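First the structure, in the form of structure tokens, and then the observations on it.
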Amino acid sequence: MFAETGTLTKTATLAILPSTAIYHSVDYTMVESRKYEAVPKFLRTLEHGQVCPGVVSSIERFGVFVDLGDADGLISMINLSWRRFEDASEIVQVGQNVAVVILDIDLERERLSLSLKALQDDPWIEIARTRLGEVLTAPVTKIIPIGTFVAVAEGIEGFIHISDFRGEELPSEGQNLTVRITDINLRHHRIRLALV
């Protein structure tokens, strides 16, 4: 049925019908080559720290690709949000319009590193400034063999080491605990809690 198959890019394979072979192959190649030729030129117009509008084009396990028009950039998982999340789809959706900050431009490899998080307020600074020593009652969000995590703010958790329970049974997820914020490490984004 098909006369031939030609690979035009690393990821796209084109099946060509005999009657329309010339039109399909020429149109597709011209569109793709225009975009690829435009990438290096477009990248040279960008600057580190520049804010650009874009559209989320795909979500992968390692990050999110954003279409900036003439090139796609990658937001790594660590640069998506300050809050804790399991999957990037909790933060953005394919087709969503976003504003991103350019972190790195690699002209040689034609790659862009982007950040969504850079445009968000850092909640860790506010917690460090105002909440050290605070006593709060909050739910357990996760239990691991060496302790438990408790919600301190939206998307931010503090940790209680198992030794704080002094041999008592660990709480269950969702159970409220009254704790004190005893230590905040801004560099590693860690909050140490103690039972009250």
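Since the model is a prediction, treat every value here as computed from it, not as a measurement.
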Check step by step if side-chain contact (heavy atoms from CB on, under 4.5 Å) holds for Ile127 and Ile156.
-> CA-CA 10 Å; Ile127 289 171; Ile156 297 180; 3.7 Å; yes
Check the pair Val56, Val98 against side-chain contact (heavy atoms from CB on, under 4.5 Å), reporting the backbone distance first and the verdict last.
-> CA-CA 7 Å; Val56 174; Val98 293; 4.0 Å; yes
Is there a donor-acceptor pair closer than 3.5 Å between any side-chain N or O of His161 and the backbone N or O of Gly147?
-> no
Any idea which heavy atoms bring Ile105 and His48 closest together, and the distance?
-> N-CE1, 3.5 Å
Donor-acceptor contact present, side-chain Glu90 to main-chain Glu86, <3.5 Å = yes
How long is the span from the OG1 atom in Thr137 to the CG atom in Asn176, to the nearest 0.5 Å?
-> 6.5 Å
NZ/NE/NH1/NH2 to OD/OE distance under 4.0 Å, Glu173 and Lys142 | no
Look at atom CD1 of Ile144 and say whether more than 12 heavy atoms of other residues, nucleotides or ligands are closer to it than 6.0 Å.
-> yes
Taking all non-hydrogen atoms of both residues, which atom of Gly174 and which atom of Pro139 are closest, and how far apart?
-> O-CB, 3.9 Å
Distance (rounded to the nearest 0.5 Å) between Leu136 CG and Thr178 OG1 = 8.0 Å
Is Ile102 reachable from Leu74 through a run of I, L, V, M, F, W or Y residues, each pair having side-chain heavy atoms under 4.5 Å apart?
-> no
Check the pair Trp124, Ile191 against side-chain contact (heavy atoms from CB on, under 4.5 Å), reporting the backbone distance first and the verdict last.
-> CA-CA 9 Å; Trp124 287 87; Ile191 296 175; 3.3 Å; yes
Arg131 (side chain) donor-acceptor with Val152 (main chain) under 3.5 angstrom | yes
Heavy-atom check, side chain of Asp72 versus side chain of Val66, under 4.5 Å | no
Same apolar cluster: Ile91 and Val55, side chain cutoff 4.5 Å = no
Side-chain heavy atoms of Asn97 within contact of Pro53, under 4.5 Å | no
Only residue of Leu68, Asn79, Val51 satisfying side chain to side chain contact (heavy atoms under 4.5 Å, CB included) with Val100 is Leu68
Check for a donor-acceptor pair, side chain of Thr141 on one end and backbone N or O of Phe149 on the other, with a separation under 3.5 Å.
-> yes
Which value, rounded to the nearest 0.5 Å, describes the distance between Phe65 atom CZ and Leu114 atom CG?
-> 10.0 Å
Atom pair CD (Gln96) and CD1 (Ile59), whose distance is rounded to the nearest 0.5 Å | 8.5 Å
According to a 4.5 Å side-chain heavy-atom criterion applied to Ile, Leu, Val, Met, Phe, Trp and Tyr, with indirect links allowed, do Leu103 and Val92 form part of one hydrophobic cluster?
-> no
Count the heavy atoms of every other residue, nucleotide or ligand shown that sit under 6.0 Å from CZ of Arg84, and state whether that count exceeds 12.
-> yes
Just by distance, do the side chain of Gln175 and the backbone of Ser172 share a donor-acceptor pair under 3.5 Å?
-> yes
At their closest point, which heavy atom of Val94 faces which heavy atom of Ser57, and how far apart are they?
-> CG1-O, 3.8 Å
If you draw a 6.0 Å radius around CD in Glu154, do more than 12 non-hydrogen atoms from other residues or ligands fall strictly inside?
-> no
Nearest atoms (heavy-atom pairs only) where Ala138 meets Ala151 = CB-O, 2.9 Å
Does CG in Asp106 sit with more than 12 non-hydrogen atoms of other residues, nucleotides or ligands closer than 6.0 Å?
-> yes
CZ/Arg83: more than 12 non-hydrogen atoms of other groups inside 6.0 Å | yes
Nearest-0.5 Å distance that lies between atom CG in Leu177 and atom CG in Leu193 | 9.5 Å
Chi angles and distances behind the side-chain contact (heavy atoms from CB on, under 4.5 Å) call for Leu116, Ser81 = CA-CA 7 Å; Leu116 193 63; Ser81 179; over 6 Å; no
Just by distance, do the side chain of Asp67 and the backbone of Gly69 share a donor-acceptor pair under 3.5 Å?
-> yes
Would a 4.5 Å heavy-atom cut-off, applied to side chains only, mark Thr148 and Pro171 as touching?
-> yes
Between the OG1 atom in Thr130 and the CD atom in Glu134, the distance rounded to the nearest 0.5 Å is 7.0 Å
Common cluster, Leu195/Leu132, ILVMFWY with side-chain heavy-atom separation under 4.5 Å | yes
Nearest heavy-atom approach of Leu43 to Ala71 is CD2-CB, 4.3 Å
Indicate yes or no for a side-chain donor-acceptor contact from Ser115 to the backbone of Ala118 under 3.5 Å, with no hydrogens or angles considered.
-> yes
Backbone of Ser89 reached by a side-chain donor or acceptor of Gln93 within 3.5 Å | yes
For Trp82 and Asp121, which heavy atoms make the closest approach, and how far apart are they?
-> CD1-O, 3.3 Å
Determine, using the 4.5 Å side-chain heavy-atom cutoff (strictly less than), whether Leu107 and Phe42 are members of one ILVMFWY cluster.
-> yes
